[in-house]
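Given the structure is predicted, the values throughout are model-derived calculations rather than measurements.
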Amino acid sequence: MIDIPTASRPGPVAAEIASRLTAALSPDHLAVIDDSEKHRGHAGHDARGESHFTVEIVATAFEGQNRVARQRAVNAALADLLRDRVHALAIRARAPSEAA
């Protein structure tokens with residue numbers, strides 16, 4: 001299940017995050033949450049929006065991996081976005097056996 005919660009349509013960065021994580025990790029569940037508005041006026045806030053995100057992802061690829069390995073896999077799929085467009089990314093990555 002892919003979920004991109006926004007007030008309306010997902011922005012292009014949120015959609016690209018979802019597309020890349022789906023291609024790289026074939027998640028059972030993926031939620032891409034745009035937290036940018038909560039950071040208005042803070043360092044790293046981008047007036048275009050879409051600068052701060054939370055990703056909740058459940059994927060079989062994470063079975064047997066520790067938290068650091070899971071975060072590295074997510075970061076690898078999004079490397080250039082993290083370098084060029086996304087200021088902050090919170091990652092909640094779990095294996096299906098851990099999902100509640």
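Remark: Arg94 CZ to His29 NE2 distance equals 7.0 Å, nearest 0.5 Å. Distance check, rounded to the nearest 0.5 Å: CD1 of Ile91 to CG of Leu78 gives 7.5 Å. Residue His87 holds its NE2 atom at 11.5 Å from CG of Leu82, rounded to the nearest 0.5 Å.
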| Audit row: Leu25, Val74, side-chain contact (heavy atoms from CB on, under 4.5 Å) steps and yes/no | CA-CA 8 Å; Leu25 299 167; Val74 170; 4.2 Å; yes
| Could you walk me through whether Leu81 and Leu89 pass the side-chain contact (heavy atoms from CB on, under 4.5 Å) check? | CA-CA 10 Å; Leu81 285 176; Leu89 180 67; over 6 Å; no
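With sequence neighbours excluded, the residues satisfying side-chain hydrogen bond (donor to acceptor under 3.5 Å, both in side chains) with Asp80 are Arg20. In this structure Ser19 satisfies the side-chain hydrogen bond (donor to acceptor under 3.5 Å, both in side chains) test with no other residue, sequence neighbours excluded. Annotation: side-chain contact (heavy atoms from CB on, under 4.5 Å) contacts of Ala88 (sequence neighbours excluded): His52.
Residues Pro96 and Ala59 approach most closely at CD-O, 3.3 Å, considering heavy atoms. A pairwise comparison of heavy atoms in Phe62 and Ala95 identifies C-CB, 3.9 Å as the closest pair. Closest approach of Val32 to Phe53, counting heavy atoms only: CG1-CD2, 3.9 Å.
Between the side chain of Ser36 and the backbone N or O of Ser51 there is at least one donor-acceptor pair closer than 3.5 Å. Not a single donor-acceptor pair under 3.5 Å links the side chain of Glu50 to the backbone N or O of Asp34.
Residues in residues 53-70 take part in these salt bridge (charged side-chain N to carboxylate O under 4.0 Å, His left out) pairs, two or more places apart or across chains: Glu56-Arg92, Arg70-Glu98.
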